[in-house]
Amino acid sequence: PITKSGDIYSVTRYDAKALQKRQASRSWGATVFGGSIFASGASKNAISGFGFLGSFDIRNLVLDIKMEFFGGNSLSGGRIGMNILKPFSTKNNSFFIGGGTYYGGLTVKNEKYSYSSKKEQYGSGIELEGNIGFMMQRMSSIQMRIMLSPTLHLYKVNHKYSGGVKLGLI
């Protein structure tokens, strides 16, 4: 059976009927993360956040649709978008790589402002994200992933582009 081999293609005849009808599995979940965003004018770059996601596993690829919110002493924001992940194997536990695109916004509390500048600067637009991580219990109804994600914001805050990196648990 599937639990002993650890491979999503190793199934009994009884299990195969369900797999032939349904080629993808879907689930929903939550994510928590921490990291750093490198933005002009921010005195402290550390962030923490949470989010919600829908995940669609089609065996060779995993599609995540996410909504995330984050904040820190000098930064706050949110975003909505999707990632496509490519597992390295079909086993129950696997490393993966991926990437995605988001629409997001970032507010920077400018601690070095003067009368000629604003105390808060805001920007919004497209964000690109890369992913590398490890997924555990892929065939279970309760899955876990640990993921490292560098991000590049294609919009400006304080007249400069920003980016960051985060470590998340899904």
Evaluation steps, side-chain contact (heavy atoms from CB on, under 4.5 Å), between I37 and F70: CA-CA 10 Å; I37 293 181; F70 59 87; 3.5 Å; yes

Side-chain donor/acceptor of S94 to backbone N/O of P87, under 3.5 Å: no

Sequence-distant partners of F134, side chain to side chain contact (heavy atoms under 4.5 Å, CB included), two or more places apart: N93, F95, M136, I146

Heavy-atom pair of closest approach, residues H153 and Y161: O-CD2, 3.6 Å

Distance, nearest 0.5 Å, that separates CG of N83 from OG of S149: 6.5 Å

CG-CG distance between L106 and L75, expressed to the nearest 0.5 angstrom: 5.5 Å

Sequence neighbours excluded - salt bridge (charged side-chain N to carboxylate O under 4.0 Å, His left out) pairs with any residue from residues 159-170: E68-K166, E129-K166

Minimum-distance pair of heavy atoms, taken over all atoms of I126 and Y155: O-CD2, 3.7 Å

Value rounded to 0.5 Å, distance of CG in N131 from CG in L85: 5.5 Å

S25 side chain to D57 side chain, donor-acceptor N/O pair below 3.5 angstrom: no

Student check: side-chain heavy atoms of I170 and M144 closer than 4.5 Å: no

Donor-acceptor side-chain pairing of S124 and Y103 below 3.5 angstrom: yes

Distance-minimising heavy-atom pair for F38 and S162: O-CB, 3.2 Å

Inter-residue atom distance N158.CG - E120.CD, 0.5 Å rounding: 11.0 Å

Approximate separation, where rounding is to 0.5 Å, of L167 CG and M147 CE: 9.5 Å

Check: I97 and F88 side chains under 4.5 Å, non-hydrogen atoms: yes

Distance-minimising heavy-atom pair for R138 and N60: NH2-N, 4.3 Å

Gap separating the CZ atom of F96 from the CG atom of L61, nearest 0.5 angstrom: 12.5 Å

Residues 47-56, side-chain donor-acceptor partners within the protein, below 3.5 Å, at least two apart:
unit_1 : atom_1 : unit_2 : atom_2 : d
S55    : OG     : D64    : OD1    : 2.8
S55    : OG     : R145   : NH2    : 2.9

Verdict with reasoning, E127 to R79, per side-chain contact (heavy atoms from CB on, under 4.5 Å): CA-CA 9 Å; E127 300 177 6; R79 63 192 198 152; 3.1 Å; yes

